[in-house]
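The chains referred to below are lettered A, B, ... by the order of the sequence lines, with proteins before strands, and numbering in each begins at 1. Quick caveat: nothing in here was measured; it's all calculated off a predicted structure.
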2 protein chains.
Amino acid sequence: METKTHEIQYVSRCTGLSPHRIRAWERRYMAVMPARTTSRRRIFSDLDIQRLQLLRRAVESGHRIAKVARLSLEDLVELADPQRLAVSPRPSRASGLDAIDEEDYVRLGFHAITGFDTRLLERTLQQSLVHFSRRRVIEGIIVPLLGKVGDAWVTGTLRIAHEHMASAVIQTFLGGLLRDAENREAGDTAIIATPSGQRHDLGALAVALTASDAGWQPLYLGSNLPAEEIAAAAVYNCARAVAISLVGTTNGEQLRRECLNLRRLLSADLSLYAGGQAPPELRFALSEMGLHWCETLETFHVALVGEIPMRPEQET
Amino acid sequence: METKTHEIQYVSRCTGLSPHRIRAWERRYMAVMPARTTSRRRIFSDLDIQRLQLLRRAVESGHRIAKVARLSLEDLVELADPQRLAVSPRPSRASGLDAIDEEDYVRLGFHAITGFDTRLLERTLQQSLVHFSRRRVIEGIIVPLLGKVGDAWVTGTLRIAHEHMASAVIQTFLGGLLRDAENREAGDTAIIATPSGQRHDLGALAVALTASDAGWQPLYLGSNLPAEEIAAAAVYNCARAVAISLVGTTNGEQLRRECLNLRRLLSADLSLYAGGQAPPELRFALSEMGLHWCETLETFHVALVGEIPMRPEQET
DNA sequence: TTGACATTGTCAAATGTTTGTATAGCATTT
DNA sequence: AAATGCTATACAAACATTTGACAATGTCAA
């Protein structure tokens with residue numbers, strides 16, 4: 001059923017590895033051990049393909065093939081996710097936080113917010129970094145936490161003041177992460193901003209961090225920036241991608257025009273990504289005009305990783 | 001057991017240190033002592049990576065590698081931990097920045113902004129903290145720097161994008177300072193915010209930091225907050241002062257009403273400060289209605305110190 | 001201030017290892 | 001017959017390691 005069989009040519013195509021390389025990895029490191037036909041031709045399974053893709057990513061992020069070739073699929077997945085900061089320096093010191101999974105952190109953070117306890121909120125976020133990778137903190141803790149605050153605001157459990165206080169703390173937290181991320185010499189530059197009329201800093205920061213995780217060098221320009229400004233910054237910095245974060249439920253028309261304008265101002269070989277929460281018609285319109293719409297940070301991450309032009313290894 | 005092993009290439013990527021530098025740190029200072037393969041290649045553990053990350057942060061904040069290289073992990077965490085930054089020794093700097101007085105820092109920061117060099121801007125700000133107190137950094141470097149950027153924007157030398165990028169970086173920087181400041185158990189709580197219609201985060205952050213320096217416990221609520229929200233937060237947190245930052249040149253009437261409203265909602269024994277850039281008639285009107293107008297951060301600081309935070313039993 | 005000295009990041013050369021790719025000869029598939 | 005795949009060997013590029021050196025900078029004493 002799911003285990004279709006493939007020839008080496010096809011596998012090469014969809015992993016981006018040359019047939020030579022695949023054979024070498026098998027021969028030298030037993031990275032995969034495909035079945036054979038009676039005439040000793042290799043027969044790869046879907047799992048083999050997945051494995052090779054993961055291996056490629058591991059190698060590209062600096063691991064040596066000899067060391068990772070024999071790892072299990074799960075280990076490779078973990079490796080592919082930049083799971084930095086996996087080790088906690090002090091297991092159970094005075095922090096007094098005993099959260100273990102993401103939900104605990106969300107709960108704890110929410111509790112801190114309801115009590116206007118900025119310190120607790122900060123410590124909670126900081127602590128979560130010890131347990132989880134940046135991406136998981138963002139997607140598994142911060143996003144849900146903000147959602148929860150939003151809900152509570154709708155139902156009247158929390159006030160706007162709570163939400164603002166939380167935003168301020170989280171913004172600093174994300175900004176700090178971004179600062180750390182910028183220190184690695186990374187690949188091409190991606191501009192991240194929010195177009196005119198959009199004040200959504202937090203989302204854009206999360207986008208910037210995602211870009212960094214995907215191996216790009218993010219340049220975060222903040223929110224509410226006219227299209228010409230974004231374009232000018234992209235040109236000046238020789239950016240290879242621009243990502244904008246949208247939350248616009250209001251004023252869709254102006255937003256659409258702004259995006260269109262931006263797309264026009266940017267040279268064609270520059271990818272333009274957009275994401276956030278927008279009504280379907282706007283998304284559709286944006287796709288029409290040459291923006292890549294990303295439903296989630298995850299899709300954005302995948303798209304960016306796929307775009308890495310470091311080695312134009314294969315073309316169709 | 002699950003301590004994974006890594007090659008120098010990978011370590012270099014996720015610490016941001018060049019392989020050269022890592023080797024030099026090992027050879028000269030025994031900063032790490034990784035295991036070796038049979039062919040003498042280095043094998044790093046997760047702990048090594050963490051150690052190197054901490055060392056990099058220590059070095060970037062001005063410590064000398066020779067002095068910190070042999071410190072234990074815990075000491076390094078402490079060094080990097082903002083909570084303890086208060087007792088940081090006055091380290092000497094060796095990061096290629098040759099600024100000596102405030103003006104140099106302003107110039108350097110401005111140069112970083114013109115080149116969209118977020119990293120340089122961050123390093124400049126961070127470095128300035130080593131030389132000057134927080135108050136002097138804020139009043140002597142950040143405020144002039146923002147002014148310079150504003151001027152350059154007026155004359156067309158800089159774009160809005162420059163200004164936004166600078167704001168984003170500075171906001172994170174100030175937010176980080178504020179977070180550090182909050183960790184000191186201090187006196188009474190002061191609420192800091194910006195009223196409805198005001199988006200001026202940076203000014204409010206500077207106000208929050210000033211309050212902290214004056215011995216108060218600032219609670220920063222961000223910008224654009226309705227009067228009722230500010231008042232509610234003040235009540236909930238038993239605040240003894242509220243400070244709002246204004247930049248309104250536009251919509252003075254609405255601003256006036258908002259302030260008046262806020263003053264009414266707060267109990268009379270709660271001081272209400274306002275500061276920023278406002279036209280004289282607004283200032284006058286505000287003074288009339290019981291707000292203390294602070295011309296500068298300096299006056300605000302003096303006023304707060306004079307309010308005897310801890311003991312409210314003595315009256316004038 | 002100047003000059004001697006220490007610190008520290010970087011580089012180059014020589015050597016060895018790892019890894020990707022090329023070539024050749026033969027077999028199988030289409 | 002042409003295309004593709006297999007094995008095996010060979011080779012080259014990339015990468016690591018060590019050693020020695022250099023330049024930029026900071027420090028300290030005169």
Inset, instruction - Before accepting this row, confirm whether a basic side-chain N of the pair B:Glu122/A:Arg179 lies closer than 4.0 Å to the acidic partner's carboxylate O. - result: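 Salt bridge: no.
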Legend entry - Lys/Arg-Asp/Glu bridge criterion (N-O < 4.0 Å) met for B:Glu163, B:Arg159: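 No.
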Compare side-chain N and O positions of [X] against OP1 and OP2 of [N] and report whether any pair is under 4.0 Å apart.
| X | N | result |
| --- | --- | --- |
| B:Ser39 | C:dT18 | yes |
| A:Arg23 | D:dT7 | no |
| A:Arg27 | D:dT7 | no |
| B:Ser18 | C:dT10 | yes |
| B:Arg40 | D:dT18 | yes |
| B:Arg36 | D:dT18 | yes |

Applying a 4.0 Å non-hydrogen cut-off, can you work out what [X] is touching in the nucleic acid: base, sugar-phosphate, or nothing?
| X | result |
| --- | --- |
| B:Glu7 | nothing |
| B:Arg28 | base |
| A:Ala66 | sugar-phosphate |

Legend entry - Check: A:Arg41 side chain, D:dT4 base, donor-acceptor under 3.5 Å: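 Side chain to base: pair found, below 3.5 Å.
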[X] (side chain) donor-acceptor with [Y] (main chain) under 3.5 angstrom:
| X | Y | result |
| --- | --- | --- |
| B:Thr5 | B:Phe44 | no |
| B:Ser12 | B:Ile8 | no |
| B:Asp117 | B:Arg119 | yes |
| B:Asp213 | B:Thr210 | no |

Legend entry - Donor-acceptor side-chain pairing of A:His6 and A:Asp46 below 3.5 angstrom: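 A donor-acceptor contact under 3.5 Å links the two side chains.
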Protein-nucleotide distance ([X], atom [atom1]; [N], atom [atom2]), rounded to Å:
| X | N | atom1 | atom2 | value |
| --- | --- | --- | --- | --- |
| A:Glu26 | D:dC6 | CD | C1' | 11 Å |
| B:Ile8 | D:dT17 | CD1 | C1' | 9 Å |
| B:Ile22 | D:dT18 | CD1 | C1' | 16 Å |
| A:His6 | D:dT4 | NE2 | P | 19 Å |
| A:Gln9 | D:dC6 | CD | P | 11 Å |
| A:Arg42 | C:dA27 | CZ | C1' | 14 Å |
| B:Ile65 | D:dA24 | CD1 | C1' | 18 Å |
| A:Trp25 | D:dT7 | CH2 | P | 18 Å |

Inset, instruction - For B:Arg42, check side chain to side chain donor-acceptor pair (under 3.5 Å) against everything at least two apart and list the hits. - result: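 Result, side chain to side chain donor-acceptor pair (under 3.5 Å) vs B:Arg42: B:Glu26.
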Inset, instruction - Identify which nucleotide among C:dT19, C:dC11, C:dG20 has an atom closest to any side-chain atom of B:His20, counting heavy atoms from C-beta outward. - result: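 Comparing C:dT19, C:dC11, C:dG20 against the side chain of B:His20, the answer is C:dC11.
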Legend entry - Out of C:dG20, C:dT18, C:dT10, whichever nucleotide has its closest atom nearest the side chain of A:Arg64: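 Nucleotide nearest to A:Arg64's side chain: C:dT18.
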Legend entry - First of A:Ala24 and B:Tyr29 reached from the 5' end of DNA chain C, by closest nucleotide: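 The residue mapped nearer the 5' terminus is B:Tyr29.
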Inset, instruction - Measure the angle between the two terminal helix axes of the helix from C:dT1-D:dA30 to C:dT30-D:dA1, five base pairs each, and quote it to 10°. - result: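 About 40° separates the two local helix axes.
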